[in-house]
Amino acid sequence: MSSHLLSVDSLSRDDVDHLIRVAARMEPVAQRRKVTRVLEGAVLGNLFFEASTRTRVSFHAAFCRLGGSVCDTTGFTFSSMAKGESLYDTSRVMSGYCDAIVMRHPEQGSVAEFAQATNVPVINGGDGPGEHPSQALLDIYTIDKEFARRGKQLAGAHILLTGDLKFGRTVHSLIKLLSLYAPMRITLVSPPGLEMPQHLVELVASRGHRVETREHLAADFSDVDVVYTTRIQKERFTAEMSEGFSLSRDYTVDKAFMDQRVNDHAIVMHPLPRDSRPEANDLDVDLNGDPRLAIFRQTDNGIPMRMAIFATLLQVEDLIEKDLRDVSWFVPKTVGVDDVER
Amino acid sequence: MSSHLLSVDSLSRDDVDHLIRVAARMEPVAQRRKVTRVLEGAVLGNLFFEASTRTRVSFHAAFCRLGGSVCDTTGFTFSSMAKGESLYDTSRVMSGYCDAIVMRHPEQGSVAEFAQATNVPVINGGDGPGEHPSQALLDIYTIDKEFARRGKQLAGAHILLTGDLKFGRTVHSLIKLLSLYAPMRITLVSPPGLEMPQHLVELVASRGHRVETREHLAADFSDVDVVYTTRIQKERFTAEMSEGFSLSRDYTVDKAFMDQRVNDHAIVMHPLPRDSRPEANDLDVDLNGDPRLAIFRQTDNGIPMRMAIFATLLQVEDLIEKDLRDVSWFVPKTVGVDDVER
Amino acid sequence: MSSHLLSVDSLSRDDVDHLIRVAARMEPVAQRRKVTRVLEGAVLGNLFFEASTRTRVSFHAAFCRLGGSVCDTTGFTFSSMAKGESLYDTSRVMSGYCDAIVMRHPEQGSVAEFAQATNVPVINGGDGPGEHPSQALLDIYTIDKEFARRGKQLAGAHILLTGDLKFGRTVHSLIKLLSLYAPMRITLVSPPGLEMPQHLVELVASRGHRVETREHLAADFSDVDVVYTTRIQKERFTAEMSEGFSLSRDYTVDKAFMDQRVNDHAIVMHPLPRDSRPEANDLDVDLNGDPRLAIFRQTDNGIPMRMAIFATLLQVEDLIEKDLRDVSWFVPKTVGVDDVER
């Protein structure tokens, strides 16, 4: 694996297999049953030029669970850049303060530019319409983990990707990772105008997968293993697209769809946040409490996967087991909250 | 005690006694004479949807002193909620990242709603006009601690509550806790229109306390043990109330009042911040340096009490003593600062 | 050394010598080759009333590397001060929560006022046009360290200070520290109207240094050891000054200047940020990669110097060596980044 994690494009199947294996070994710590101090003394610079509480807290917690300390920077407070400082200078300075850097920035390519001037590992925490590789990695880790519990494997699976496949950054990254695990069957369903970009369809097909497109969800999906749905990102529409676009329930995944069109062993995933306002027609809340709904197991998996990313980039993944100790404090149990299967 | 701390209403006298006892055992760590690592590896999500530096830092420091790590979120940066995410989803996601959550939110009831979807302990750090239970607990801990030094007990005490008793959230919570320790004598003095709500007066009276009301501070309070005064919260007045309201010094606690109307062993408390602008007629600065002024001992007590809350909710309160080590670093002494009696 | 670090004026030559020696002993930890836990359990309040990501992260990382925890406060979120709370109250409350405080504030003198009410060490992280002592200390530490590698000493050196010598806070503090190490030769070059204040010139001269002024950089500086250049701070100009002021390249330090006018063993320093926009005529990027460019070694040195400041104020500087352990994680190497000589 390279010294930074900037894009899923740089990941080989061996890299992904490695990260999945390391993430699994992180579970005792991620689930608060063990404690490690393997990154003691290390400082993470958690630089969020764009707000994203969920992602920021997830990276923060993952680094802390490895025994490290975190320094957060959020919002537009990077005052020196307003004084004409180059990204090169900012990056080189920060790498003298921190041992690893997570950066989120609204401009595509900026994180890669930042990484060029640094001598510590940089992780892309999302660069606008660009990449968000840790999300795709936690997604594939979730599928692998859920499959393992059901005796399935990635190769041979049938994945349904639905919702906004044009602007949904996460499905672009995920489909690239899935493409490393041929042969799969991938079915795409999206509203007109929000189709998966053609070059990604071709990439996946060229790697030996069977890719199909359906116009709507009113069809037979009874052999699907994963339903991955995404929010319609109207804020990224052009004016022309917005005009006349009405978000119907035709693309909404809900309990009726799962019961009538799919099956009872498939899982439902979503990159979150989901828009719970009724008019949004996003993933329905009527699946809350349904064991097929894996969206919170999915976000929980962000911790072990991000721990795996840090551990691998900082080369301590083989030291974890030597350093584990029991937790002395309360370990929360599954009480009153759906979708927790620990 | 329940698994969350959302309201003082859920606390029994046994709960309060327990928290006071645990807070006392936390003192060596809170006072920087001992170090513990009992919460090592634990992550606190410190979620402040409304700014409150004092409260945020106090919770942050208390969790750190127990050996844990803290991830702060402040201001309106919870971007996913702006995209229509429900409090349920936000809460469930955060509980996968953190081992305990402190939440402050401008809307009453929101913290309790948040707690319903989580499987980690949630502490209400203030929900608008609602509750702020840790403040009331540190207040009663302060009274108990000051009394112990003077050979007094809670039962039998005479407490004067003065200032804005209508909008002062802290006096509402405090009077509920005090009501668990009958029989007390509680005297209420407030400007017209800012009286203690009648249902609280009745609650306290029903529990065997003697509650009296006086119109102003120009009276005999020579047997009072505690003078608890609060800022007039003009920002919460209706337009009708503001009109014609003039903040006189008639309700100002100052050195002259303490010397002439009270006595020399009573203590003066205030939830802070106090408004030091002369026109505010808040607690006078002429008491700075007077040993009766307990307001900074009171805020200092926020650390051991919040440590006690965390330790109790995470069930490590009996492990602390096994884990204490001496501090190697400088322990600041009382130099040049009033009101420090360590 | 006094119990706070508010100004370089309070530092004797012994103090500076001590801090330089302690900083040197911090290097193994600062460079991530060793780990210490000497400040375990200590909490730093990192209070930035004015944004300064670089300085905030540097203090944060330095305290973490000593084993402590940090609570950041940034921006104008100090809500209680908006409610009329005095700096005295704020300070006294915060000192009950934290074991040391770093404060940056836009108003000159505010940090010193803050320090008066506290009973923990306070470090001035910059108070507007006032002081920023840790910057001057890391500057002199850098010069001493670079000289040591070249077999030079502070006494006897020739330092060129250039750029905005009127508004550049850092050069004012640096020249005071340099003045403790007589005899030096100090040459000042600045655009008309931006000269070093006369009282500082006199102070330095009175301490046995040779101070010279040149009008521009088109001269012979072949025996200079340090070129210290600063950004023109046009945002501090009066309207009268701005009018007609044109920033020429006459005061720009670049490769041609270093090659033709200086020599090949001098170092180039800058307090950063540097304005990399061409029209700014700040320190030129054409020196990137030139070993004489010491600006990133300079910011790197902020970590050991700030560790030394904390360790000295908290009186643990002699305990560090007893507590060192090896780092288990990846130590970044010099790959692809200029100006790193570890």
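Order of the sequence lines sets the chain letters (A, B, ...), proteins ahead of strands, with each chain counted from 1. Because the structure is predicted, anything quoted here is derived from the model rather than measured.
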* Proximal component of B:Leu319, with respect to chain A [non-hydrogen, under 4.5 Å] -> side chain
* Portion of B:Asp323 that has a non-hydrogen atom of chain A nearer than 4.5 angstrom -> neither
* Looking at A:Arg54 and B:Asp89, does any basic side-chain N land under 4.0 Å from a carboxylate oxygen? -> no
* Asked: Do NZ/NE/NH1/NH2 and the carboxylate oxygens of B:Arg92 and A:Asp300 come within less than 4.0 Å?
  -> yes
* To do: Step through the shown structure and confirm whether more than 12 heavy atoms of other residues, nucleotides or ligands are within 6.0 Å of NZ on B:Lys34.
  => yes
* Proximal component of A:Val57, with respect to chain B [non-hydrogen, under 4.5 Å] -> both
* What part of A:Leu66 is in contact with chain B, defined as an atom under 4.5 angstrom from a non-hydrogen atom: side chain, backbone, both or neither? -> neither
* Listed once per pair and sorted, the ring-ring contact (aromatic ring centres under 6.0 Å, His included) pairs that draw on residues 305-327 of chain B, sequence neighbours left out -> B:Phe59-B:Phe310, B:Phe63-B:Phe310
